[in-house]
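For reference, positions follow the sequence shown, starting with 1. Remember, it's 1-based here, ligands and their atoms both numbered in the order they're listed.
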Amino acid sequence: MNLEKLKSDKRMPKHIAFIIDGNGRWAKRRGLSRSFGHKIGFNTLKKQIDFVHELGIKNCSIFCFSKENWNRPVSEVNYLMELFDNMLDEYFEKYMDKDVRIIISGDMDDARLPETVRVKAKKIMEETKNKTGFILNPCINYGGRQEILNAVNQIIKSGISQVDEKTFNSYLYTAELLPVDFIIRTSGEIRTSNFFPWQSVYSEWYFPKTPWPAFSKKDLVKALKIYMSRNRRFGEIKE
Ligand code: IPE
Ligand code: MG
């Protein structure tokens, strides 16, 4: 695979997002626990983030945990929280002296989140906020409708009586990110599940059948080629 050619292609997305789906089914099919599926899924995530970074893509969002995921068994939720806690420690160490900004999109004030996760998430956002390079945006305890309502309520509180798209956007968790060009949801589920309802109106979507733990660099290259072959018109007609 010729990565240099891919990297220098002007059609490459600037912001890519992943809905990481299929961890549980991947594990169950192998007679393993769902939690084990998440563990392997998080290894896949690390590799994919490094690859996205290496490819020069400026922003990467990942839907890690939705507001609706609290309805899963407590043991699974607790395991996921442990993974996020470890992930925050790892990113902190890995990226502190690099030009990487970390934004965690989601409700970080929710008391259901372990305090360590809330504190670490806020710290990492604060300490990387002046970096201008790659932006990594794990979405944890995220729901698109809740994000919109949160923005509306903040706007009401601030006393503004009318907003335009630009102002509204500035109240979202993703305010500082580039427009989302490309969203990949693995595992063959074809729905958007409350992810980026505002941000994704002109995104290209791709739904590979591969479950997330098995999603490889080769799969990402294939996805990028599909993305680049699409004609994004944004409602215009170009002669
Ligand atoms: C997605 O995999 C991972 C997270 C929610 C963190 P799932 O857990 O949704 O896996 P399936 O869909 O049950 O296979
Ligand atoms: Mg799922």
Side-chain angles (χ1 to χ4, degrees), residues 16-52 59-91 102-108 110-118 120-121 124-125 136-147 173-174 180 182-197 199-200 203 205-217 219-220 223:
I16 190 167
F18 297 99
I19 300 181
I20 58 174
D21 198 10
N23 290 352
R25 279 165 286 159
W26 177 89
K28 281 284 158 206
R29 239 175 265 141
R30 285 163 178 74
L32 303 162
S33 69
R34 292 182 52 85
S35 289
F36 189 77
H38 294 312
K39 185 177 168 182
I40 302 302
F42 271 79
N43 290 340
T44 301
L45 185 58
K46 271 189 243 169
K47 283 183 217 149
Q48 289 292 346
I49 291 169
D50 285 346
F51 192 39
V52 165
N59 297 176
C60 180
S61 295
I62 310 109
F63 199 9
C64 295
F65 191 85
S66 73
K67 279 268 184 192
E68 292 75 23
N69 287 150
W70 291 109
N71 298 325
R72 294 186 174 199
V74 181
S75 59
E76 184 174 340
V77 169
N78 287 346
Y79 188 75
L80 283 165
M81 292 301 147
E82 248 176 68
L83 284 175
F84 300 144
D85 197 277
N86 294 339
M87 180 179 92
L88 289 166
D89 286 339
E90 272 180 41
Y91 289 168
I102 297 173
I103 292 174
I104 319 277
S105 289
D107 179 5
M108 285 300 115
D110 191 326
R112 290 174 294 181
L113 287 166
E115 205 190 337
T116 51
V117 169
R118 280 182 275 152
K120 286 176 190 177
I124 207 166
M125 283 196 269
L136 183 60
N137 175 41
C139 305
I140 299 175
N141 198 24
Y142 175 85
R145 287 185 172 177
Q146 292 85 349
E147 179 185 36
Y173 298 125
T174 52
V180 189
F182 189 32
I183 306 177
I184 300 175
R185 180 177 189 154
T186 54
S187 89
E189 303 292 355
I190 308 180
R191 52 178 175 270
T192 62
S193 302
N194 206 11
F195 183 62
F196 282 0
Q199 296 87 339
S200 70
S203 305
W205 289 82
Y206 176 55
F207 300 96
K209 289 217 166 65
T210 315
W212 178 253
F215 195 74
S216 66
K217 288 188 185 183
D219 291 323
L220 182 59

ask   = Under 3.5 Å, is there a donor-acceptor pair between the side chain of Thr44 and the main chain of Pro213?
value = yes
inquiry  = Return the closest protein heavy atom for atom 2 (O) of ligand 1 as residue, atom name and distance.
reply    = Asn23 N, 3.2 Å
query = Is the distance between the ring centroids of Tyr142 and Phe65 under 6.0 Å?
reply = no
ask   = Which heavy atom of the protein is the closest neighbour of atom 1 (C) of ligand 1, given with residue, atom name and distance?
value = Ile20 O, 2.9 Å
message = Heavy atom to atom 9 (O) of ligand 1, shortest distance: which of Glu189, Arg34, Arg72 holds it?
response = Arg72
inquiry  = For atom 5 (C) of ligand 1, what is the closest protein heavy atom, and at what distance to 0.1 Å?
reply    = Asn69 OD1, 3.6 Å
query = So, Ser193 versus Arg185: side-chain donor-acceptor pair below 3.5 Å or not?
reply = yes
query = Less than 6.0 Å separating the ring centroids of Phe18 and Trp212?
reply = yes
task = Identify whether the distance between the nearest side-chain nitrogen and carboxylate oxygen of Lys67 and Asp110 falls below 4.0 Å.
result = yes
note = Restricting Asp21 to its N/O/S atoms, the closest one to the Mg ion (ligand 2) is OD1
message = Please report whether ligand 1 has a polar contact with Cys64, defined as an N or O pair separated by less than 3.5 Å (distance criterion only).
response = no
task = Can you pull out the closest protein heavy atom to atom 11 (P) of ligand 1? Residue, atom name and distance to 0.1 Å, please.
result = Arg25 NE, 3.5 Å
request  = Please say whether Asp21 places an N or O atom under 3.5 Å from an N or O atom belonging to ligand 1.
outcome  = yes
Aromatic ring proximity, centroids under 6.0 angstrom, Tyr91 and Phe84 = no
query = Does Glu189 bring an N, O or S atom to within less than 2.8 Å of the Mg ion (ligand 2)?
reply = no
ask   = Tell me, which protein residue and heavy-atom name are nearest atom 10 (O) of ligand 1, and how many Å apart are they?
value = Gly24 N, 2.9 Å
